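Bear in mind the structure is a predicted one, so any value in this text is a computation, not a measurement. Order of the sequence lines sets the chain letters (A, B, ...), proteins ahead of strands, with each chain counted from 1.
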Protein chains: 2
Amino acid sequence: MVTQGLISTREDILERAIPLFARLGFHGVSMRDIAAEVEMQAAALYHHFADKEALYLAAMAYAFKDKSVVLTQAIAIPGTPLERLNRFVETLAEGMGRDPDFLALLQRERIDGNETRLKLLAEEVFAEPFDALLTLAKEIAPAHDSHMVAISICALVMYHMETAPMRRFLPGWHTTLDQPKFIAKHAMALLAQLFVDGDQK
Amino acid sequence: MVTQGLISTREDILERAIPLFARLGFHGVSMRDIAAEVEMQAAALYHHFADKEALYLAAMAYAFKDKSVVLTQAIAIPGTPLERLNRFVETLAEGMGRDPDFLALLQRERIDGNETRLKLLAEEVFAEPFDALLTLAKEIAPAHDSHMVAISICALVMYHMETAPMRRFLPGWHTTLDQPKFIAKHAMALLAQLFVDGDQK
DNA sequence: ATGAACTTAACGAACGCTCATTAAACATCG
DNA sequence: CGATGTTTAATGAGCGTTCGTTAAGTTCAT
């Protein structure tokens with residue numbers, strides 16, 4: 001059977017492999033694990049992918065595909081700089097909250113990815129929205145280094161999302177603090193104070 | 001022979017296993033890999049540790065040991081809130097820059113650690129300095145949620161350190177932006193503006 | 001009948017781990 | 001002090017299992 005509905009076997013494999021790689025990492029998942037998930041024999045995977053690494057790279061490309069467009073779009077909508085920043089921050093937090101696999105794969109690639117893969121990830125996935133964020137940073141906080149400001153904006157959202165499983169055991173935590181909307185709101189509260197008040201003196 | 005100098009064979013194993021686990025992860029390192037690093041047979045490792053997981057957990061405990069003291073100390077030194085915050089931020093950035101293995105292991109544990117291990121990490125390693133940071137956050141920014149502020153402070157340092165290998169390929173990067181001292185300085189520039197200006201209106 | 005999609009079977013290598021054995025270090029006691 | 005037994009640390013061989021991967025054969029729609 002070539003297609004079921006609209007999705008090819010190849011895509012079916014990728015979609016079922018992504019959660020496995022996200023939760024267990026490259027070395028934590030075997031070809032037989034993936035095959036079992038797709039309900040076929042491990043040997044059949046080699047009909048679609050040259051080897052395990054090729055399957056993994058294809059799964060990455062598939063998981064990261066079209067992830068940047070939403071962010072670029074969010075920041076591109078006209079409005080005051082703070083409105084555009086707010087839309088970016090909300091979209092980032094909301095998107096990460098909706099796709100925990102993407103959040104996990106991103107962290108794994110950051111640690112395990114070699115130079116080639118990191119470069120690909122940076123240039124193919126993040127370059128476009130980051131560029132937009134960079135020019136927004138220049139508008140909004142011209143006194144500081146734009147690259148640092150742009151990363152700091154991402155940090156105020158991403159670090160809360162990434163540390164959520166551990167923060168549960170740190171003092172002062174309660175369930176509200178893990179919600180993407182609350183994280184975005186908190187990040188914007190800090191950023192708004194920061195740039196509106198800060199850069200005018 | 002029981003000891004060579006001051007370090008036992010058991011500690012020698014742990015110290016040599018830590019960089020391996022940091023770079024390749026639990027599943028990426030075999031008992032034979034570790035044994036080769038210590039220049040002994042894999043079977044000998046089982047004389048010191050019950051199994052691979054016990055070795056890994058011991059390596060974690062060893063790598064995380066005494067890491068919190070420096071941070072707690074940095075924030076405890078008397079001074080104005082901003083001075084104490086500055087000392088904390090500088091110590092955090094400097095410490096992470098000096099120990100990339102610790103930085104990598106921390107990220108791996110955040111992704112791979114189960115509930116038990118995350119709780120242990122949070123309570124044994126981070127609870128003490130985080131508590132101090134929490135009361136500092138209350139002093140310095142009483143209008144915001146203390147937990148969120150404390151995490152945000154860490155985020156402004158940690159996220160730059162963690163993303164350093166990938167940021168190299170993002171627009172606006174240059175070598176200076178990876179130095180711990182510069183990262184600490186940038187974080188403080190944002191934080192100082194934030195709290196001094198922000199929370200007084 | 002041809003080629004794509006898949007199965008069954010199996011390969012060699014590597015995995016975590018156990019075993020019997022040994023050499024050295026240590027402790028005990030005549 | 002020296003002989004004795006005990007403990008410790010390490011070796012090398014090898015267990016059973018799983019790994020990634022390959023080869024050959026089967027199914028089936030075109």
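Protein atom CE of A:Met31 is 20 Å distant from nucleotide atom P of C:dC11, rounded to whole Å. Separating the CG atom of B:Leu24 from the C1' atom of C:dC15 is a distance of 16 Å, rounded to the nearest angstrom. Counting to the nearest Å, the C1' atom of D:dT8 and the CZ atom of B:Arg10 are 15 Å from each other.
Residues from residues 32-53 of chain B that place a heavy atom under 4.0 Å from any atom of DNA chain D, listed by number: B:Arg32, B:Met40, B:Gln41, B:Ala43, B:Ala44, B:His47, B:His48.
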Test log, rule salt bridge (charged side-chain N to carboxylate O under 4.0 Å, His left out), inputs B:Asp112 and A:Arg108: CA-CA 10 Å; B:Asp112 293 327; A:Arg108 292 198 182 277; 2.7 Å; yes
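The ring pair (Phe, Tyr, Trp, His ring centres under 6.0 Å) check on B:Phe182 picks up nothing, with sequence neighbours excluded. Every residue meeting the side chain to side chain contact (heavy atoms under 4.5 Å, CB included) condition with B:Asp145, not counting sequence neighbours, appears here in chain and number order: A:His174, A:Leu177, B:His147, B:Met148.
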Could you pull out all donor-acceptor pairs under 3.5 Å where a side-chain atom in residues 31-42 of chain A meets a protein atom, sequence neighbours excluded?
residue, atom, partner, partner atom, Å
A:Asp33, OD1, A:Ser30, OG, 3.4
A:Asp33, OD2, A:Ser30, N, 3.0
A:Asp33, OD2, A:Ser30, OG, 3.2

Under 3.5 Å, which donor-acceptor pairs link side chains of residues 115-134 of chain B to any protein atom two or more places apart or in another chain?
residue, atom, partner, partner atom, Å
B:Arg117, NE, B:Glu109, OE1, 3.3
B:Arg117, NE, B:Glu109, OE2, 3.4
B:Arg117, NH2, B:Glu109, OE2, 2.7

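Put simply, B:Thr9 has a side-chain N or O that comes within less than 4.0 Å of OP1 or OP2 on D:dA10. Residue A:Ser30 places at least one side-chain N or O under 4.0 Å from the OP1 or OP2 atom of D:dC19.
For residues 67-78 of chain B, the set of pairs meeting the side-chain hydrogen bond (donor to acceptor under 3.5 Å, both in side chains) definition, not counting sequence neighbours, comprises B:Lys67-B:Asp99. Counting only residues at least two apart or in different chains, salt bridge (charged side-chain N to carboxylate O under 4.0 Å, His left out) contacts with residues 44-59 of chain B are absent. Residue pairs meeting the ring pair (Phe, Tyr, Trp, His ring centres under 6.0 Å) criterion with at least one partner in residues 24-46 of chain A, sequence neighbours excluded, are A:Phe26-A:Tyr56.
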Give the B/S/- string for nucleotides 24-30 of chain D, one per nucleotide from 5' to 3', where a protein heavy atom under 4.0 Å of the base yields B, of only the sugar-phosphate yields S, and otherwise -. -------
